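A quick write-up on the structure given underneath.
Note on naming: letters A, B, ... go to the chains in the order of the sequence lines (proteins, then strands), and numbering restarts at 1 for each one. These figures come from a predicted structure and were not determined experimentally.
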There are 2 protein chains.
Amino acid sequence: MTKGKRNAEATQAAILVAAQNAFTEHGFDGVGVREIAAAANVNVALVNRYFGSKQGLFNEAIARAISAQNLLSANRLEFCKQLAAQLVASGTAADPTFDPARAMIRSAGNLQAEEVMRSALEDHFVSPLADWLEGDDASVRSALILTLVAGVAVLRDVLRLPSLRMEDGELEKRLETLFASLVDPAGGLGDVGKSDVA
Amino acid sequence: MTKGKRNAEATQAAILVAAQNAFTEHGFDGVGVREIAAAANVNVALVNRYFGSKQGLFNEAIARAISAQNLLSANRLEFCKQLAAQLVASGTAADPTFDPARAMIRSAGNLQAEEVMRSALEDHFVSPLADWLEGDDASVRSALILTLVAGVAVLRDVLRLPSLRMEDGELEKRLETLFASLVDPAGGLGDVGKSDVA
DNA sequence: GCCTCAAGTAAACAAGCGTTGACACGAAGT
DNA sequence: ACTTCGTGTCAACGCTTGTTTACTTGAGGC
């Protein structure tokens with residue numbers, strides 16, 4: 001099957017991988033199809049042949065990424081720990097890797113890309129997570145968990161904000177705590193009798 | 001001074017406003033200088049004359065916005081309330097308005113824009129806020145507050161994630177709680193049941 | 001009036017973009 | 001051997017981009 005030459009499957013895969021890496025680093029508008037094709041050692045025209053358009057390629061890239069991860073298997077405490085750990089660990093790879101979060105943030109300027117990302121995140125992240133949370137305002141709490149993930153992706157992985165790139169230990173602990181307060185249906189909400197900040 | 005015609009000051013202002021609105025809606029790469037000039041009822045060449053380049057125009061737009069807001073005057077509780085309220089209120093204006101957060105998110109794909117935004121946020125938001133917080137890990141806590149702001153900007157204002165666009169009351173309450181837990185140096189960290197105030 | 005310089009205009013530049021159609025290759029089917 | 005068709009190549013299309021150059025217009029100083 002994999003002959004190395006004249007193999008459509010391998011070519012499509014190569015294009016997809018190159019596109020994912022490129023989108024991660026430069027976003028949808030920041031990279032051209034010629035660059036992607038060159039990185040995949042493939043002719044430009046093949047991008048349009050196999051994926052219809054640059055937009056189609058982006059859609060496919062996002063779709064593959066979203067449907068490939070599942071964090072909901074662990075118990076509630078483990079979920080918080082794993083999510084926090086994964087967040088502070090991301091962006092540490094030396095060689096360019098596909099990071100869906102970064103790719104999405106960097107493509108947030110494109111209107112069509114926004115649409116793809118909205119439905120992908122709502123259907124494959126917020127909604128399942130809300131079901132799993134199983135409490136009051138599960139929808140809002142789920143969305144707020146994604147909010148933290150997105151915020152970290154923006155400031156730490158994309159903008160590389162100095163304050164978020166050191167003291168990883170403290171950061172991870174704080175994130176874990178925040179997640180925990182959102183996983184718990186009560187979650188520090190309730191009456192303001194105690195815990196007063198003034 | 002303001003004669004309506006052949007007024008350099010007014011022209012620069014018009015270009016800047018048009019640019020701010022355009023960047024808010026389409027991001028740096030999503031809008032052309034011709035569109036901006038047209039929206040400002042101004043010739044294209046004047047953009048480069050008065051701001052040097054499209055990049056210079058963007059820098060000026062961000063710089064003006066960042067140095068124009070200050071939320072740190074209130075006490076700690078009020079700060080949380082105001083920030084949460086401002087977050088859920090943003091993006092409700094009917095006519096196009098300049099929203100620095102949205103403009104930045106939508107421009108996150110551009111490398112030079114990233115640099116401007118990084119230093120602007122670090123110097124004029126995270127750093128002052130960290131000083132104001134005055135506790136252990138003030139830097140991390142400050143950055144995490146901005147993380148929530150950025151996350152909401154991404155998901156609610158840019159991607160318009162359905163889950164974050166309803167139940168505004170609950171959302172605001174939850175955000176306020178999260179902010180409070182980050183403003184408080186202990187902030188739910190450490191052993192359970194304690195919430196000492198400095 | 002006249003001169004001068006800032007303010008505004010028009011047109012073109014060079015480069016890049018996504019996309020497409022016509023063509024060459026190469027292996028499999030008969 | 002010859003046809004067939006999926007695969008890959010090449011060159012160009014039309015369009016948009018940011019920027020610049022040469023030019024025209026307008027208002028104030030003398």
Side-chain angles (χ1 to χ4, degrees), chain A residues 1-20 22-23 25-62 106-107 109-113 115-116, chain B residues 1-20 22-23 25-62 103 106-107 109-116:
Chain A
M1 192 189 281
T2 59
K3 298 268 281 270
K5 280 194 173 271
R6 227 172 174 83
N7 181 341
E9 251 184 85
T11 302
Q12 289 179 248
I15 295 175
L16 200 61
V17 169
Q20 289 174 329
F23 288 147
E25 219 64 42
H26 307 104
F28 184 82
D29 289 322
V31 67
V33 288
R34 283 173 177 83
E35 292 179 60
I36 296 176
N41 276 106
V42 144
N43 192 281
V44 203
L46 296 180
V47 173
N48 283 308
R49 188 199 299 278
Y50 289 128
F51 296 93
S53 65
K54 186 190 181 185
Q55 184 67 50
L57 177 56
F58 180 81
N59 296 0
E60 189 64 24
I62 295 298
R106 287 207 161 105
S107 305
N110 189 278
L111 222 76
Q112 304 186 76
E115 214 174 301
V116 179
Chain B
M1 191 187 281
T2 60
K3 296 269 279 274
K5 276 192 174 275
R6 228 171 173 84
N7 181 339
E9 250 185 85
T11 302
Q12 288 180 247
I15 294 176
L16 199 63
V17 169
Q20 288 173 329
F23 288 148
E25 218 65 42
H26 307 104
F28 184 82
D29 288 322
V31 67
V33 288
R34 282 173 178 81
E35 293 178 60
I36 296 176
N41 275 106
V42 144
N43 191 282
V44 203
L46 296 180
V47 172
N48 283 304
R49 191 206 288 281
Y50 289 128
F51 297 92
S53 65
K54 186 190 181 185
Q55 185 66 51
L57 177 56
F58 180 81
N59 296 1
E60 189 63 25
I62 295 298
R106 287 207 161 103
S107 304
N110 190 278
L111 223 77
Q112 304 186 77
E114 284 181 15
E115 213 174 301
V116 179

B:Q12 CD - C:dA7 C1' separation (whole Å):
11 Å

Record whether the side chain of A:R34 comes under 3.5 Å of the base of C:dG18 through a donor-acceptor pair of N or O atoms.
yes

Rounded to whole Å, please give me the gap between CG in A:N59 and C1' in C:dG18.
15 Å

Selection: residues 42-54 of chain B, any non-hydrogen atom under 4.0 Å of DNA chain C
B:N43, B:A45, B:L46, B:R49, B:Y50

Interatomic distance, B:Q55 CD vs D:dG18 P [rounded to whole Å]
11 Å

Which atom pairs, donor and acceptor, lie under 3.5 Å between side-chain atoms of residues 33-51 of chain B and protein residues at least two apart or in another chain?
{"residue": "B:E35", "atom": "OE2", "partner": "B:G32", "partner atom": "N", "Å": "3.4"}
{"residue": "B:N43", "atom": "OD1", "partner": "B:A45", "partner atom": "N", "Å": "3.0"}

How long is the line joining CD1 of A:I15 and P of D:dG8, in whole Å?
8 Å

Between atom CG in A:D29 and atom C1' in D:dG18, what is the gap in whole Å?
16 Å

According to side-chain hydrogen bond (donor to acceptor under 3.5 Å, both in side chains), who are the partners of B:E25, at least two apart in sequence or on a separate chain?
none

A:Q55: partners by side-chain contact (heavy atoms from CB on, under 4.5 Å), with sequence neighbours left out
A:F28, A:S53, A:F58, A:N59, A:N110, A:Q112, A:V116

Could you give the CG-to-C1' distance, from B:L57 to D:dG18, as a whole number of Å?
12 Å

If I compare all heavy atoms of B:D29 with all of B:K54, which pair ends up nearest, and what's the gap?
CA-NZ, 4.3 Å

Could you grab the distance from atom CZ of B:R6 to atom OG1 of B:T11, nearest 0.5 Å is fine?
10.0 Å

Can you check the B:N41 CG to C:dA7 C1' distance for me, whole Å?
16 Å

Reported CD1-to-CG distance for the pair A:I62 and A:L57, which is rounded to 0.5 angstrom
10.0 Å

Does a side-chain N or O of A:T11 approach OP1 or OP2 of D:dT7 to a distance below 4.0 Å, or not?
no

With sequence neighbours left out, the residues meeting side-chain hydrogen bond (donor to acceptor under 3.5 Å, both in side chains) with A:Q12 are none

What's touching nucleotides 4-6 of chain D from the protein side, N or O pairs under 3.5 Å?
{"residue": "D:dG6", "atom": "N2", "partner": "A:R6", "partner atom": "NE", "Å": "3.4"}
{"residue": "D:dG6", "atom": "N2", "partner": "A:R6", "partner atom": "NH2", "Å": "2.6"}

